There are 4 protein chains.
Amino acid sequence: MTDRQDRPLRADAARNRARLLAAATEVFTTRGTAVPTEEIARAAGVGVGTLFRHFPTKEALLQAVMVGRLEEVAARVAELAAGQDPADAFFGCFRLVVESSVGKGEFTRALAEAGVDAHAALHGPSEAIRGGLTALLESAQRAGAVRPGLAVPELIALLVAAGAAVERLGTDAEARDRVLTVITDGLRPR
Amino acid sequence: MTDRQDRPLRADAARNRARLLAAATEVFTTRGTAVPTEEIARAAGVGVGTLFRHFPTKEALLQAVMVGRLEEVAARVAELAAGQDPADAFFGCFRLVVESSVGKGEFTRALAEAGVDAHAALHGPSEAIRGGLTALLESAQRAGAVRPGLAVPELIALLVAAGAAVERLGTDAEARDRVLTVITDGLRPR
Amino acid sequence: MTDRQDRPLRADAARNRARLLAAATEVFTTRGTAVPTEEIARAAGVGVGTLFRHFPTKEALLQAVMVGRLEEVAARVAELAAGQDPADAFFGCFRLVVESSVGKGEFTRALAEAGVDAHAALHGPSEAIRGGLTALLESAQRAGAVRPGLAVPELIALLVAAGAAVERLGTDAEARDRVLTVITDGLRPR
Amino acid sequence: MTDRQDRPLRADAARNRARLLAAATEVFTTRGTAVPTEEIARAAGVGVGTLFRHFPTKEALLQAVMVGRLEEVAARVAELAAGQDPADAFFGCFRLVVESSVGKGEFTRALAEAGVDAHAALHGPSEAIRGGLTALLESAQRAGAVRPGLAVPELIALLVAAGAAVERLGTDAEARDRVLTVITDGLRPR
DNA sequence: CATGAATGAGTATTCATTCAT
DNA sequence: GATGAATGAATACTCATTCAT
C-alpha cells in the first residue's frame, strides 16, 4: 500500500529526488510559488532537466511538496491520537499542527484543502489527517474537554485560522501563545 | 511635495479612475493577483494605457484597491467605536470586520499587513483601523468583557485568522457562526 | 466578403503585419518551418511580442503565409482562365503554378492540401484554386487538348509532382523544361 | 580507413542494431523525423544509451534508415535491369520505384538526393541506383521506347514527382494509375 | 488625455547527447 | 555492452510597461 510499485529508483536518482523535494519545500514556503523552476533546480544542485524528469510539471512538484507536508502532519496526528488522555491528545495535536505550519505559506492552503481534496494526489494524506482529527475530536468531546456541536470541518477551519494568525505574529513567541490560548480556550465547553 | 501636484482631475478622468478601481477590486478579489493588467483594463472599459496613466504600476493599482477596502473598514470601525456599550461595540466590530473580508482573498493579507505597514501607501488607513481597534479593545478590556493581556497585534492576528477560517467554510452559515463563537468566546476573560 | 470586419488596422500595425508576413514567407520557404520565431521577428525588424500579437501562434503565422501564397496562385489561375484559347490557358496555368511553387518547400504541401483542406483557414483560397482549375481542365478537355478521364484531384497531384520535380532540378532550366514537357505531353490525349 | 574497425559485432549487439533500424524505419516513415530519440529506443525495446552507441547521432540513424531503403530499391532495380525487354524493364522499374516509396514520406527526399548525394553515407547505394537507372534508361532509349534527350537527373526528378503525386492520392488506386499513366506516357517518344 | 501597438525580459518545458551505474 | 538518469541549450509564448498615433 505504501510500497512504490514504480521500480526501486536508483540510488543517485533517489538522492536527487529528495534534494529537489527539500529545495522546493524550502523555496516554495519561504518565497512563494512564483519562484522559477530553474532556481529550484539550482538550489537542489541539479539541472532543470532533472527536475522535470522527476516532476513532469511545476504544479506536480508543488503537489509533491504538499503531500510530503501533509504526510508528516498525518503521522504526528496519528501518533498523538495514540496517547492516553483525550484532552491532552487533542490540544497537543492542535498546537502541533499549527506550529508545524508556521512559515509554510502555501502549505496552509493545502491543509485547508484537506477538507476539500482539490487535487487527487492529496487525497491519501488528507484522508489520513481527517481520520486522525475525527478520532481526536470525538474522544475529546466525549471526555468533555471540547465543546460539542463542533465537527471536523470547523476544526480544520480553526487550524487554518490559527496557522494564519500565528504566522502573522512572526517571532513573538509570547503573542503567539496568547493567540493560541484564545482559540484553544474558545474550543473548551462554555 | 508641497505643490499640489494633483490637479482636480477632469470629470472623465475621474470616472475612468473609479471604473478601474472597481474593476480591479472585483477582478483581484475573485481571481487573484495574477490576472493580466490588460484584462483589468478591459473589464473597466478602458485601454491599458489609461490604466497605467492612473496607476504607474500594477502593484500601485493593487495597493489602491487595498487602501479602498481598508478605508471602508476603518470607517465602520470608527462608527461602531462611537456606540455605547463597550462589549457590544467590540464584538460587533470583530464580526463585522471578519464578515467584510469574506471572499476577499488577497484582502485579508492586506488587513494583516495593517499591523506591519509593508507598503507606505497603506499607512494612513492602517493607522486609522489600528487606532479604532485600540480604542475598542481597551474599553472592552476595561469593561471586563475581553481578557486582559491581549494587545492590538494579537487582535489583528485573530481577525485575520477568523477571516481565513470563515472564508474556508464558504456558504455554511451555521459552521461559520460556530467558528466565530469559538474565537469570540476565547476572547472573553477566563 | 473580403472586407476585413476587424477594424481598419492602424497604419504602423498594418506595416508590421506585412513585414512579418514577408519575412516569414521568405524564411519559411528558404529554411523550413523549424526556424525560431525570434529569428523571424528579427528578420521583420520587430520584437517577438509583436509577432505574437499579430499571429497568436507560430502555426497561425505559417497558415497565414500559406493563405497568402494560395491567394496569389488563385488570382493568377482566375486571370488565365479568362484568356481565350482553352489549351493555352490550361497549359499556361499548369506551368505557372508549377513555377510559382519552386523553392517554396512547405508551400507545395499546402497546395497539395487544396484538395483536402486540412486547416479551415486555407479553405477559402483552396476553394478558389480548385474552382479555377476545374474550369480550366474541363474546357481544355472539351477542346480535346487534355485527355479525358482526368479529374481535379489527379491534376493537383500532378501539379504537386511537377513542383517537386522542378524543385529538385534547381537551376538547370533546360532540365526543368524537359521534365515539364514530359508531364504536359503526358496530359495530352493519346 | 583501411583498418577493419568494425569487429564482427556480438550477436546481441547485432540484434539490437537491427531492432533499432527497424523501429526507426517504422517510426520515421509514419510519424516523421521529429519524433524523440527516446521513443524510437523504446519502440526498439532498448535504452537511449544503446541507440547512441550504435548511431552516434540522430542524423546518423536517419541516414542509416535511408541507406537501407535505397539498398532495397537498388537491388530491385538491378534485378529488373537484368530482364529481357528494355521497354518492359524500364517502365516496370519506374512503377516499382514509385510504388515502393508510397507512404514513405521522408524517404522520397532521400531518393531525390540520390541525384545529389548530400550525405556521403548515401553515396554507395545512390551510386548503385544511378548505375542501374542509367543502364535501364539508355537501353530503353536505344530501343525507341523512351524519348531521347532525357538524362538520369530528369528521370530521378520524375520518380520523385511521381512518388509525391501517388502519395497524395492515397488509397484511390484508379487515380494513382491515371497519374502514373500520364507520366509514363509522357516519357514515351512524341 | 485615451488608445492599443510594440517591446523584450522572463518562464516552463523538451530533447539530443553524455556518463555513472 | 546496456541502461536510463542527468544535463542544459533551445524555444514558444506571456505580460508589465512604454510610446506613437
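Everything quoted here is computed from the prediction, not taken from an experiment. Per chain, numbering begins at 1; letters A, B, ... match sequence-line order.
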Residues which pass side chain to side chain contact (heavy atoms under 4.5 Å, CB included) with D/Ala60, listed by chain and number, not counting sequence neighbours: D/Phe55, D/Pro56, D/Thr57

Phosphate OP1/OP2 of F/dG1: any D/His54 side-chain N/O under 4.0 Å: no

Tell me: CG of B/Leu51 to C1' of E/dA5, nearest whole Å? 16 Å

Output yes when at least one side-chain N/O atom of B/Asn16 is less than 4.0 Å from OP1 or OP2 of E/dA2, else no. yes

Across all chains, not counting sequence neighbours, the side chain to side chain contact (heavy atoms under 4.5 Å, CB included) partners of B/Arg53 are none

Give the rounded distance in Å between these two atoms: CZ of D/Arg42 and P of F/dT3. 14 Å

4.5 Å side-chain heavy-atom contact, C/Asn16 and C/Arg19: yes

For A/Thr33 and A/Phe28, which heavy atoms make the closest approach, and how far apart are they? CA-CD2, 3.8 Å

Using Watson-Crick or G-U wobble pairs with both distances under 3.5 Å, give me DNA chain F in dot-bracket, 5' to 3', with [ ] for crossers and | for pairs to another strand. .||||||||||||||||||||

Check the distance between E/dA6's P and C/Phe55's CZ and give it to me in whole angstrom. 11 Å

Which residues share a salt bridge (charged side-chain N to carboxylate O under 4.0 Å, His left out) with D/Glu72, sequence neighbours left out: D/Arg76

Table please: side-chain donor-acceptor pairs of residues 37-47 of chain C below 3.5 Å, with sequence neighbours left out.
unit_1: C/Glu39; atom_1: OE2; unit_2: C/Arg31; atom_2: NH1; d: 2.9
unit_1: C/Glu39; atom_1: OE2; unit_2: C/Arg31; atom_2: NH2; d: 2.8

Can you measure D/Glu39 atom CD to E/dT17 atom C1' for me and round it to whole angstrom units? 17 Å

Ignoring hydrogens and geometry, is there a side-chain-to-backbone donor-acceptor pair from A/Lys58 to A/Pro36 under 3.5 Å? no

Where the side chain of C/Asp12 is defined as all heavy atoms beyond and including C-beta, which of F/dT21, E/dC1, E/dG4 is the nearest nucleotide? F/dT21

For D/Ala22, what residues pass the side chain to side chain contact (heavy atoms under 4.5 Å, CB included) criterion, not counting sequence neighbours? none

Find every protein N or O atom lying less than 3.5 Å from an N or O atom of nucleotides 12-15 of chain E, and list the pairs.
unit_1: E/dA12; atom_1: OP1; unit_2: A/Lys58; atom_2: NZ; d: 2.8
unit_1: E/dA12; atom_1: OP2; unit_2: A/Thr37; atom_2: N; d: 3.0
unit_1: E/dA12; atom_1: OP2; unit_2: A/Thr37; atom_2: OG1; d: 3.0
unit_1: E/dT13; atom_1: OP2; unit_2: A/Lys58; atom_2: N; d: 2.9

So, is D/Arg53 close to the F/dG1 phosphate, meaning a side-chain N or O under 4.0 Å from OP1 or OP2? no

Residue-phosphate contact under 4.0 Å: A/Thr50 side-chain N/O, F/dT7 OP1/OP2: yes

Any side-chain heavy-atom pair of C/Leu21 and C/Leu61 under 4.5 Å: yes

Round to a whole Å and report the spacing from CG of B/Leu62 to C1' of F/dT17. 17 Å

